[in-house]
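Values below: every heavy atom of this structure, side chains too, minus hydrogens, waters and symmetry copies. The residues of the chain are indexed from 1 along the displayed sequence. Values in this document were obtained by computation on a predicted structure and should not be read as measured data.
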Amino acid sequence: MKLPKLHKPTKRQVLKFIKYALIVVFGNGIAAAASAFFIIPNGFVMGGTTGIGIFVKNLLGADHPFAEWAVNITVYAANIALFILGAFLLGKKFAAATLAGTLLYPSFLSLWKLVDEKLNSPFVFRNTEGIAGTVNQPLLGVIFGALLFGLGIGVVVRVGASTGGTDIPPIIFHKFFNVPVSVGMWVLDILIVLLQFAAKTGVEDILYGILITLCSSVIVDQVAMVGAKRAQVKILSKKHEEIRKMILNKLNRGVTLLNGKTGFLKDDCYMILTIVSFRDVVKLRNEVQKIDPEALFMVSTISEVRGRGFSSDRIALPKTEEKDCELEDLKEIATDGGQEALKEKPAEVPVLESSEQTNPETKQKE
């Protein structure tokens with residue numbers, strides 16, 4: 001069996017991988033900090049493998065000798081078990097992509113738990129035992145716990161990585177039963193929160209857990225799309241050529257001309273389509289109004305843009321005036337009878353000698 005030839009990675013590929021790795025580490029660290037500092041010390045419940053760990057801790061009871069580390073051990077065990085299940089059903093490629101999240105989150109959870117104990121749990125906002133000097137504001141723990149947890153998971157999701165754990169079963173159900181991943185994650189997290197009833201957890205804590213799950217899910221969606229959203233602008237104007245040059249030269253953005261037809265007079269027209277950042281929308285609108293105050297200007301939000309100038313490097317092109325001059329020169333050549341110069345030359349055919357052309361029978365005899 002011939003092994004594939006390995007190529008040395010470029011400097012850009014190495015830097016891209018380092019950036020990817022740092023983001024994954026940072027996201028898992030932030031999510032684990034939310035659980036270790038805000039959610040677990042305040043006695044809240046949540047979804048995911050952390051929720052399963054809290055369930056085991058509540059089942060054992062606060063007086064059990066292993067209750068203190070029940071969450072950490074359970075998260076490790078659940079993550080590894082789900083990782084093996086995902087690798088078996090979803091393949092090696094998926095396993096490689098989720099390995100980091102499977103190990104990083106529980107490792108950070110153990111680290112931050114030790115830090116929290118050293119600091120004497122500074123983020124406990126529930127005065128359930130009537131301890132003097134503490135505030136009874138559990139919503140502070142819910143809000144900041146959900147905010148940090150959603151931020152951490154959203155950062156990881158943004159770069160296309162997975163945190164492992166309970167992300168894996170929804171992906172399996174999507175592959176084999178076509179169940180949407182988002183629906184599967186919501187259902188699984190809510191079921192884990194409701195499972196706390198079996199551990200005789202109070203209704204108040206479970207309601208807080210549902211609130212944490214819902215809020216963190218919303219934040220994940222927002223963080224994952226931050227910076228990816230763009231404004232799609234469509235412009236209808238009789239002065240489309242001037243507007244096109246303005247967008248290309250002043251805003252340095254790409255333009256697409258769409259063929260259209262007016263609805264009443266059925267006149268042929270062009271619709272200008274361009275994609276800009278939201279801060280450039282006002283600038284674009286003002287420039288368009290200077291050129292044509294009656295132009296129809298439409299703005300809509302798009303979730304993500306991939307391609308040249310957005311997810312990949314731009315190409316330096318000449319200014320539109322220079323390009324227009326080149327096109328005019330080509331048109332003049334075509335009108336002066338030089339059309340052949342613009343066409344592709346046919347393949348050269350060897351020319352026969354004059355004697356062979358006039359006497360083809362002689363060649364046949366030879």
key: Nearest-0.5 Å distance that lies between atom CG in N79 and atom CG in L99   = 11.0 Å
key: Student check: side-chain heavy atoms of I143 and F38 closer than 4.5 Å   = no
message = When you compare the side chain of L139 with that of L211, does any pair of heavy atoms fall below 4.5 Å?
response = yes
query = Quick one: does D116's side chain have a donor or acceptor within less than 3.5 Å of a partner on W112's backbone?
reply = no
request  = Please check if the side chain of K250 supplies one atom and the backbone of E287 the other of a donor-acceptor pair under 3.5 Å.
outcome  = no
I23 reachable from I18 in the ILVMFWY side-chain graph, under 4.5 Å edges = no
message = What's the separation between atom CD1 in I235 and atom CE in M271, rounded to the nearest 0.5 Å?
response = 10.0 Å
inquiry  = I'd like to know if F55 and F197 are part of one continuous hydrophobic network [Ile/Leu/Val/Met/Phe/Trp/Tyr, side-chain heavy atoms within less than 4.5 Å].
reply    = no
request  = Treating Ile, Leu, Val, Met, Phe, Trp and Tyr as nodes and any side-chain heavy-atom pair under 4.5 angstrom as an edge, say whether L148 and V25 lie in one connected cluster.
outcome  = yes
inquiry  = Take a 6.0 Å sphere around CZ of F17 and say whether it holds more than 12 heavy atoms from other residues, nucleotides or ligands.
reply    = no
request  = Taking all heavy atoms of W69 and all of K113, pick out the closest pair and write down the distance.
outcome  = CZ3-CD, 4.2 Å
inquiry  = Could you tell me if the side chain of T166 sits less than 4.5 Å from the side chain of M185, heavy atoms only?
reply    = no
inquiry  = Can you confirm whether more than 12 heavy atoms, excluding those of F177, are under 6.0 Å from its CZ atom?
reply    = no
task = Apply the test salt bridge (charged side-chain N to carboxylate O under 4.0 Å, His left out) to residues K245 and E242: give CA-CA distance (whole Å), side-chain angles for both, the deciding distance (0.1 Å), then the verdict.
result = CA-CA 5 Å; K245 292 181 180 180; E242 296 178 44; over 6 Å; no
ask   = Shortest non-hydrogen contact from V75 to P106?
value = CG1-CB, 3.7 Å
key: Q196 (side chain) donor-acceptor with G51 (main chain) under 3.5 angstrom   = yes
key: I272 vs S237, side-chain contact (heavy atoms from CB on, under 4.5 Å): CA-CA, chis, key distance, verdict   = CA-CA 8 Å; I272 299 174; S237 171; 5.9 Å; no
task = Compare all side-chain heavy atoms of L284 with those of T274 and state whether any distance is below 4.5 angstrom.
result = yes
ask   = How long is the gap from OG1 on T98 to CD1 on I168, to the nearest 0.5 Å?
value = 5.0 Å
inquiry  = Checking the side chain of N259 only, and the main-chain atoms of D268 only, is there a donor and an acceptor separated by less than 3.5 Å?
reply    = no
query = If you round to the nearest 0.5 Å, how far is CD1 of I172 from CG of L85?
reply = 4.0 Å
query = Rounded to the nearest 0.5 Å, what separation is found between the OG1 atom of T74 and the NZ atom of K57?
reply = 11.0 Å
Verdict with reasoning, E204 to L207, per side-chain contact (heavy atoms from CB on, under 4.5 Å) = CA-CA 5 Å; E204 180 184 359; L207 292 178; 5.9 Å; no
message = Atom NZ of residue position K11 - does it have more than 12 heavy atoms of other residues, nucleotides or ligands inside 6.0 Å?
response = no
ask   = Should V71 and V56 count as side-chain neighbours, where that means a heavy-atom distance under 4.5 Å?
value = no
key: For the student: nearest non-hydrogen atoms of S110 and Y76, plus distance   = OG-CE1, 3.9 Å
ask   = For S277, which of I275, V281, D280 qualifies under side-chain contact (heavy atoms from CB on, under 4.5 Å)?
value = D280
query = Checking side-chain contact (heavy atoms from CB on, under 4.5 Å) against Q232, which of T301, L273, V299 comes through?
reply = L273
query = Is T262 reaching over with its side chain to a backbone N or O of D267, donor-acceptor style, under 3.5 angstrom?
reply = yes
query = Between Y105 and S35, is any side-chain donor less than 3.5 angstrom from a side-chain acceptor?
reply = yes
Within-4.5 Å side-chain heavy-atom neighbours: N58 and V45 = yes
key: side-chain contact (heavy atoms from CB on, under 4.5 Å) evaluation trace for I40 with T50   = CA-CA 9 Å; I40 297 175; T50 307; 4.3 Å; yes
key: Side chains of M46 and F149 in contact at under 4.5 Å (non-hydrogen atoms)   = yes
task = For F26 and V155, work out which heavy atoms get closest and say how close.
result = CD2-CG1, 4.2 Å
ask   = Backbone N or O of I291 within a donor-acceptor pair of the K239 side chain at under 3.5 Å?
value = yes
ask   = If every non-hydrogen atom of G47 is compared with every non-hydrogen atom of T213, which pair is closest and at what distance?
value = N-OG1, 3.8 Å
ask   = L119 and L140: same hydrophobic cluster, using ILVMFWY side-chain contacts below 4.5 Å?
value = yes
task = Check the hydrophobic clustering (I, L, V, M, F, W, Y; side-chain heavy atoms under 4.5 Å; chains of links allowed) and say if I30 and V24 are grouped together.
result = yes
query = Closest approach of G141 and F44, non-hydrogen atoms and distance?
reply = C-CE1, 3.7 Å
task = Determine whether K118 and V115 make a side-chain contact, defined as any pair of heavy atoms from C-beta on separated by less than 4.5 Å.
result = no
key: Between CG on residue L195 and CD1 on residue I54, distance to nearest 0.5 Å   = 11.5 Å
Derivation and outcome, side-chain contact (heavy atoms from CB on, under 4.5 Å), residues K234 and L296 = CA-CA 8 Å; K234 296 177 182 177; L296 185 63; over 6 Å; no
